[in-house]
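This report refers to the structure that appears directly beneath it.
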Protein chains: 2
Amino acid sequence: MTMSNTGGRRRPPTIHDVAREAGVSRGTVSRVLNGGHYVSPAAQEAVNAAIRRTGYVVNRHARSLITGRSDSVGFLLTEPQERFFEDPNFNVLLRGCTQALAAHDIPLLLMLAGTQDERRRITRYITAGHVDGVLLVSSHSGDPVAEELREAGVPLVACGKPIGLGSKVSYVAADDRDGARDMVRHLLSLGRRRIGVVTGPPDTPGGVERLAGYREVLAEAGVEADERLIASGDYSRASGEAGAERLLAQAPDMDAVFVASDLMAQGVLAALRRAGKRVPDDIAVGGFDDSPAATAATPALTTIRQPWDRISNEMVRVLLAQMGGEDPAAVILPTELVRRESA
Amino acid sequence: MTMSNTGGRRRPPTIHDVAREAGVSRGTVSRVLNGGHYVSPAAQEAVNAAIRRTGYVVNRHARSLITGRSDSVGFLLTEPQERFFEDPNFNVLLRGCTQALAAHDIPLLLMLAGTQDERRRITRYITAGHVDGVLLVSSHSGDPVAEELREAGVPLVACGKPIGLGSKVSYVAADDRDGARDMVRHLLSLGRRRIGVVTGPPDTPGGVERLAGYREVLAEAGVEADERLIASGDYSRASGEAGAERLLAQAPDMDAVFVASDLMAQGVLAALRRAGKRVPDDIAVGGFDDSPAATAATPALTTIRQPWDRISNEMVRVLLAQMGGEDPAAVILPTELVRRESA
DNA sequence: TTCTCTACTGTGAACGCTCACAGAAGCATG
DNA sequence: CATGCTTCTGTGAGCGTTCACAGTAGAGAA
């Protein structure tokens, strides 16, 4: 019953064909397509029937040409790509955003801009209006792309608080500091007192906030701070391994370690195993993210869950709102302690 | 020097503005934009200068409206998404394709169609001409989307040989059978004779071919086949774990196991550890893929590298060729044995 | 009645581009 | 000197849609 057409018409049906088929004008069809206001029930029905019969789908290019919108949003990665693709969180985020957008029938364009050159090209591409908004995933500060897009007036939502920028840019983030506090409190509750930390890079919000939470809780608990218990990594597995080795050398009496990402925690576990330390008996290990890496690790990681599904949903919600003219907004979501074997 | 414009023009410059600025007609500007044939050097130069001065970028919607092309391609996943996002191979593939396309200035639209409903919608979206071609990632056979797209005449390249379809659809794949042969030969060369296998699903090329390679080599070597040494999984970590348990129960004297994916191999390692078996001393383990999971595992996996960078490059190359009117083609790429600790 | 208001419908004009065509040179060939 | 061919250029039309506007009909108010 569908797709029936006079003869072997090869070209897809246009709004004209639908109008003729329904016995109304282009304008009326267009109105039905765009919400159906000021259309009589009879016309509404006739048009819908004609659309079904002809198999009509709106030509987005023609629509975009006149509306100036593209009805698509970009998912932009401005970091060296290895990082993101190695990080399981990224997958979850990408999937969540794709799905949230699909619910609004908005396709997502994936854009990778790892090099300086690519970044320039992508910025031009975006500012030329090929997407209506951008979901930005870039943890490091000093990222010129975000600033340029903001200036160009492109609706933008970052994942995690962009450090360098003012409050004029929207972002959605988990409550890093609070999550870190929960974890360190948990380690304290296990009786540990010599608690080390492997932080993220100091130019990322996760690097700063998680360390701050760690310091706060120790101070509140009256545990003596010790800089030898602090090492910094870059969220990669390898840097976790290196960090753990440093800590073991500097503070052999360490009895727990809070690691700012599950991936780094995997590296920490490897280093501890090599050093002959049992986890959690000798040293308890706490991760952060609750990524697939947490359950893949041996022993399975006690970690802080970032609510990635909610994060992606909120990012999309805030972006759409901004595309609709609303002001930028910041959303902070709570984290949750997930207890497994490592602590 | 760029973006200079009379007054505070807000609207981006059009081809008209460029033509006026360069003192030529729209047609000439258009010709410069599309390859510059039949344009005098003087006009060429004037137009390029005008483009630079005005900051002009072509409006893709207007162009697409008339050419009927969209100058973008889709990356389509038709499986339940968990699988792909859990699988590190997927990342590498996605990244590779994005980069290969970026070199041609073609944006990539990521499309996820896990449910029946989504699949229908996406198919309509694609056949409506919103992308010029599709990179299909779907290992299972009996996938109706591929067949529908093929019938609709949409250029299509699959990753891995689509089992159900005829030879009319392009694909790029690693040489699964040969890779499996290499691995099993390697295990034999270590002196192992009771070699188990955890296969992939029988409706995927990897499931079929890797098992076939295993059987072939054992037969050639005159090693007795034993169905108790064969278990099948679904490429997930959990299924690897379950498969290993089954094998251990059925064939306690197993001294090696070839696992059809690194992720499953991680599960196998976990099961072996629980059973008190030392790897590789008691049982050697060989994986497949050389994904990040291979190095993340303890001990690091000896595995078969799939040439993902080449695969993605070839997929893009074949797709672009097809979009240019060439016939479908199949490309098979060689694999490589990577020796690490587990075998 | 006449006027106004609301609900609905149709029409021309864009949007920015490419394409086909016609024409203008310049140069060699008949 | 006309004729053809090649290289280059400008112009009109049209891609499929939305938008602004004008117009119709019917209902209620003055």
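Keep in mind it's a predicted model, so treat the numbers as computed, not measured. Chain letters run A, B, ... following the sequence lines, proteins first and then strands; every chain starts at 1.
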(Q) When you measure from the side-chain N and O atoms of A:Ser40 to the phosphate of C:dT9, is any distance below 4.0 Å, counting only OP1 and OP2? (A) yes
**Q.** Interatomic distance where CG belongs to A:Asn59 and P belongs to C:dC15 [whole Å]
**A.** 18 Å
(Q) Reading DNA chain D from 5' onward, which residue's closest nucleotide shows up sooner: B:Pro41 or B:Ala62? (A) B:Pro41
(Q) Which residue is it: B:Asp132, B:Leu76, B:Val145? I am looking for the one with a side-chain contact (heavy atoms from CB on, under 4.5 Å) to B:Ile126. (A) B:Leu76
Q.
Using only modelled atom types and a 3.5 angstrom limit, is any donor from either the side chain of A:Arg26 or the base of D:dT18 paired with an acceptor on the other?
A. yes
Q) Got a second to check how far A:Glu21's CD is from A:His16's NE2, nearest 0.5 Å? A) 14.0 Å
Q. Taking atom C1' of C:dC15 as reference, at what distance in whole Å does atom NE2 of B:His16 sit?
A. 12 Å
Q | Any A:Ser25 side-chain N or O less than 4.0 Å from OP1/OP2 of C:dG10 | A | yes
Q.
Please report the distance, rounded to the nearest Å, between CZ in A:Arg69 and P in C:dG16.
A. 15 Å
Q | Separation of atom CG in A:Asp71 from atom P in D:dT18, rounded to whole Å | A | 10 Å
Q.
Whole angstroms only, please: what is the CD1-P distance between A:Ile15 and D:dG16?
A. 11 Å
**Q.** Euclidean distance, atom CG of residue A:Leu65 to atom P of D:dC15 [Å, nearest integer]
**A.** 13 Å
Q: For the pair B:Ser312 (side chain) and B:Trp308 (backbone), establish whether a donor and an acceptor sit closer than 3.5 Å, ignoring hydrogens and angles.
A: yes
Q: Nearest 0.5 Å please: distance from the CG atom of A:Leu65 over to the OG atom of A:Ser70.
A: 12.5 Å
(Q) In this structure, how many angstroms lie between the C1' atom of D:dT17 and the CZ atom of B:Arg60, rounded? (A) 20 Å
Q | Heavy-atom donor-acceptor pair, B:Ser64 side chain to B:Arg69 backbone, under 3.5 Å | A | yes
Q) Heavy-atom contacts under 4.0 Å between residues 30-39 of chain B and DNA chain C, which residues? A) B:Ser30, B:Asn34
(Q) Is there a side-chain contact between B:Thr28 and the phosphate of D:dG10, meaning an N or O under 4.0 Å from OP1 or OP2? (A) yes
Q.
When you measure from the side-chain N and O atoms of B:Thr67 to the phosphate of C:dC19, is any distance below 4.0 Å, counting only OP1 and OP2?
A. no
Q) Quick one: A:His61 NE2 to C:dC17 C1', roughly how many Å, whole number? A) 13 Å
Q: State whether the side chain of B:Asn34 and the backbone N or O of B:Arg31 hold a donor-acceptor pair below 3.5 Å, judged by distance alone.
A: no
Q: Measure up the A:Phe90 and A:Phe75 rings against each other and bin them: parallel (under 30°), tilted (30 to 60°), perpendicular (over 60°).
A: perpendicular
